[in-house]
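The structure appears below as structure tokens.
Hydrogens, waters and symmetry mates are skipped; everything else that's a heavy atom, side chains included, is used.
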Amino acid sequence: MFKRVFALMFIFVVSIFASQNYSWEIVLEIPDETPQDAQIFIAGNFNGWDPGNPDYQLNEIGEGLYGIKLEPEIDDLEFKFTLGSWKSVEVNERGRNISNRRAMLNDFVLLSTCRVKGWSKVQTGKNIVGNISVINNFEMPQLERTRSIWIYLPPSYGKGLKRFPVMYMHDGQNLFADSTSFSGEWGIDETLESLYADRRMKEIIVVGIENSEYRLSEYSPFDFEYKGVHTGQAKKYGEFIVKTLKPYIDKNYRTKRGRRQTAISGSSMGGLVSVYIALEHQDIFSKVGALSSSFDVCRDEFVTYIKNTPKRYPIRFWLDLGSVESEQMQYDVSQQMVIDALISSGWKPKKEVKYTLYEGAKHHERFWRDRFEEVLEYLWR
């Protein structure tokens with residue numbers, strides 16, 4: 001097997017330096033357990049982390065070997081291999097989630113050789129706690145596409161006719177299971193079940209909306225340029241949640257439908273879109289959890305939008321930031337500008353706009369998981 005790998009590597013290297021195309025070549029060895037008819041894909045920060053984009057499908061180049069040639073527009077690459085879905089992402093030999101792979105392009109052709117040790121076989125995650133289901137191919141008429149929806153029901157849901165508040169969350173595949181996350185799970189189910197066991201919080205339903213290759217566009221209200229140009233589609237995405245998804249959830253589950261019982265939350269771009277959707281639909285949402293929000297991508301337009309959007313209803317905003325978010329983005333400056341804009345539009349500091357800085361925290365799911373209990377306790381107290 002390894003002789004074939006080195007032989008193919010040699011062929012790749014010769015062809016690369018002969019052509020001077022300055023492209024990224026990948027040779028991948030897959031495990032024996034891979035289905036014979038499997039399609040292998042690469043997903044990363046260069047293609048919106050789309051796990052099944054046909055433009056990023058690897059070609060079979062030998063027995064158990066696959067390859068692809070890419071010309072990414074960025075040089076600091078993070079990626080993983082999948083069988084077309086985050087439910088079938090690569091895992092380690094013990095079946096557990098692995099960290100994102102990394103590669104750095106430095107103005108020369110790069111050849112990467114990789115080996116997958118296993119594929120996740122879990123559809124909704126063996127490490128999931130509680131009653132969780134997934135609706136596949138849920139229609140998004142406002143955006144003319146479909147999406148998978150994750151639904152967490154609290155422990156007492158099946159024990160009577162009680163109705164429950166609802167929290168809508170973004171990046172749904174990252175909320176409950178490592179096996180479906182592209183960078184680690186939030187552990188929403190474990191956190192909620194622990195709070196319930198200690199009777200520190202009333203039970204809620206959580207509805208997670210999976211992201212897709214359209215994530216950056218759907219989560220921004222304005223056009224912006226960040227490793228490519230993205231057209232803001234947050235208005236349509238918000239209308240999908242309010243006009244299509246929420247009515248479906250209210251019809252098919254025992255929910256408390258009023259705005260005082262409805263929240264929206266997310267991190268990074270998900271934090272940005274949570275604040276925006278709540279402001280657009282103040283009659284629907286009364287609670288916002290915005291963790292490490294990427295306000296910087298459209299800061300000036302968003303701050304102007306907030307200042308021109310007067311307070312019509314009370315809303316409780318949770319805003320936070322880690323002290324080690326990113327050297328490339330001015331998270332701290334943008335955060336303060338958004339806080340000042342919310343206050344100038346009528347929301348009360350501390351009582352309605354709470355801001356917390358976490359020393360040493362990075363821009364990553366692990367840190368959001370660590371502090372999400374505080375978010376829940378603030379929003380639902």
Distance (rounded to the nearest 0.5 Å) between [X] [atom1] and [Y] [atom2]:
X      : Y      : atom1 : atom2 : value
Ile343 : Ile306 : CD1   : CD1   : 11.0 Å
His364 : Ser292 : NE2   : OG    : 11.5 Å
His363 : Leu291 : NE2   : CG    : 10.0 Å
Asn47  : Asn53  : CG    : CG    : 6.0 Å
Asp50  : Glu213 : CG    : CD    : 4.0 Å
Met337 : Phe302 : CE    : CZ    : 12.0 Å

Check: What do the steps show when you test Glu325 against Lys362 for salt bridge (Lys or Arg N to Asp or Glu O under 4.0 Å), and what is the final call?
Finding: CA-CA 5 Å; Glu325 291 281 351; Lys362 299 179 180 179; over 6 Å; no
Check: Of His170, Gln173, Arg147, which is the lone residue that meets side-chain hydrogen bond (donor to acceptor under 3.5 Å, both in side chains) with Asn211?
Finding: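 Single side-chain hydrogen bond (donor to acceptor under 3.5 Å, both in side chains) partner of Asn211 among His170, Gln173, Arg147: Gln173.
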Check: Are Tyr355 and Phe317 close enough that their ring centres sit under 6.0 Å apart?
Finding: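 No; Phe317 has its ring centre 6.0 Å or more from that of Tyr355.
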Note to self: Between Tyr219 and Tyr237, is the ring centroid distance below 6.0 Å?
What the structure shows: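 When the ring centroids of Tyr219 and Tyr237 are compared, they turn out to be within the sub-6.0 Å range.
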With a 4.0 Å cut-off on N to O distance, would you call [X] and [Y] a salt bridge?
X      : Y      : result
Lys354 : Asp320 : no
Lys117 : Glu93  : yes
Lys311 : Glu352 : yes

Donor-acceptor contact present, side-chain [X] to main-chain [Y], <3.5 Å:
X      : Y      : value
Thr82  : Gly84  : yes
Arg115 : Leu28  : no
Glu78  : Arg102 : no
Thr262 : Gly258 : yes
Thr34  : Ile30  : no
Thr255 : Phe164 : no
Asp189 : Ile132 : no
Gln282 : Pro310 : yes
Arg145 : Met140 : no
Ser345 : Ala341 : yes

Next item on the list: Could you walk me through whether Tyr276 and Ser220 pass the side chain to side chain contact (heavy atoms under 4.5 Å, CB included) test, one step at a time?
Entry: CA-CA 8 Å; Tyr276 171 75; Ser220 177; over 6 Å; no
What is the minimum heavy-atom distance between [X] and [Y], and which atoms define it?
X      : Y      : value
Leu175 : Gly208 : CD1-CA, 3.8 Å
Asn136 : Ser148 : OD1-OG, 3.1 Å
Leu279 : Arg312 : O-NH2, 4.5 Å
Ser274 : Ser265 : OG-C, 3.2 Å
Arg259 : Tyr313 : NH2-CB, 3.3 Å
Phe41  : Pro51  : CB-O, 3.4 Å

Just checking, any donor-acceptor pair under 3.5 angstrom between side chains of [X] and [Y]?
X      : Y      : value
Glu373 : Tyr378 : no
Gln39  : Tyr66  : no
Glu25  : Ser112 : no
Gln336 : Asp340 : yes
Asn174 : Glu365 : yes
Ser268 : Arg215 : no

Next item on the list: Start with the C-alpha gap between Ile264 and Met169, add the side-chain angles, then the distance that decides, and say whether side chain to side chain contact (heavy atoms under 4.5 Å, CB included) holds.
Entry: CA-CA 6 Å; Ile264 190 165; Met169 298 190 69; over 6 Å; no
Quick one: sort the [X] and [Y] rings into parallel, tilted or perpendicular, breaks at 30° and 60°.
X      : Y      : answer
Trp24  : Phe46  : perpendicular
Phe138 : Phe240 : perpendicular
Tyr157 : Tyr253 : tilted

So do [Y] and [X] actually touch side chain to side chain, heavy atoms under 4.5 Å?
X      : Y      : value
Arg381 : Leu376 : no
Val207 : Leu245 : yes
Thr244 : Pro141 : yes
Trp347 : Ile315 : yes
Leu153 : Ser133 : no
Val206 : Tyr168 : no
Asp332 : Ser323 : no
Trp380 : Ile204 : yes

Checklist line | side chain to side chain contact (heavy atoms under 4.5 Å, CB included) assessment of Phe224 paired with Leu216 | finding: CA-CA 9 Å; Phe224 71 96; Leu216 295 181; 4.0 Å; yes
Next item on the list: Establish whether Ile151 and Val242 are linked, either directly or via other cluster members, by ILVMFWY side-chain heavy-atom contacts under 4.5 Å.
Entry: yes
Check: In terms of hydrophobic clustering (I, L, V, M, F, W, Y; side-chain heavy atoms under 4.5 Å; direct or indirect links), are Phe367 and Leu319 co-clustered?
Finding: no
Margin query: Between Tyr248 and Glu139, does the side-chain hydrogen bond (donor to acceptor under 3.5 Å, both in side chains) criterion hold? Intermediate values first, please.
Written below: CA-CA 11 Å; Tyr248 175 88; Glu139 293 288 341; over 6 Å; no
Next item on the list: Please lay out, stage by stage, how Glu90 and Arg101 fare under the test salt bridge (Lys or Arg N to Asp or Glu O under 4.0 Å).
Entry: CA-CA 11 Å; Glu90 61 173 315; Arg101 295 177 183 267; 2.8 Å; yes
Notebook entry, point to check: Can you list the steps and then say if Asp171 with Glu210 is a side chain to side chain contact (heavy atoms under 4.5 Å, CB included)?
Noted result: CA-CA 5 Å; Asp171 297 316; Glu210 284 201 5; over 6 Å; no
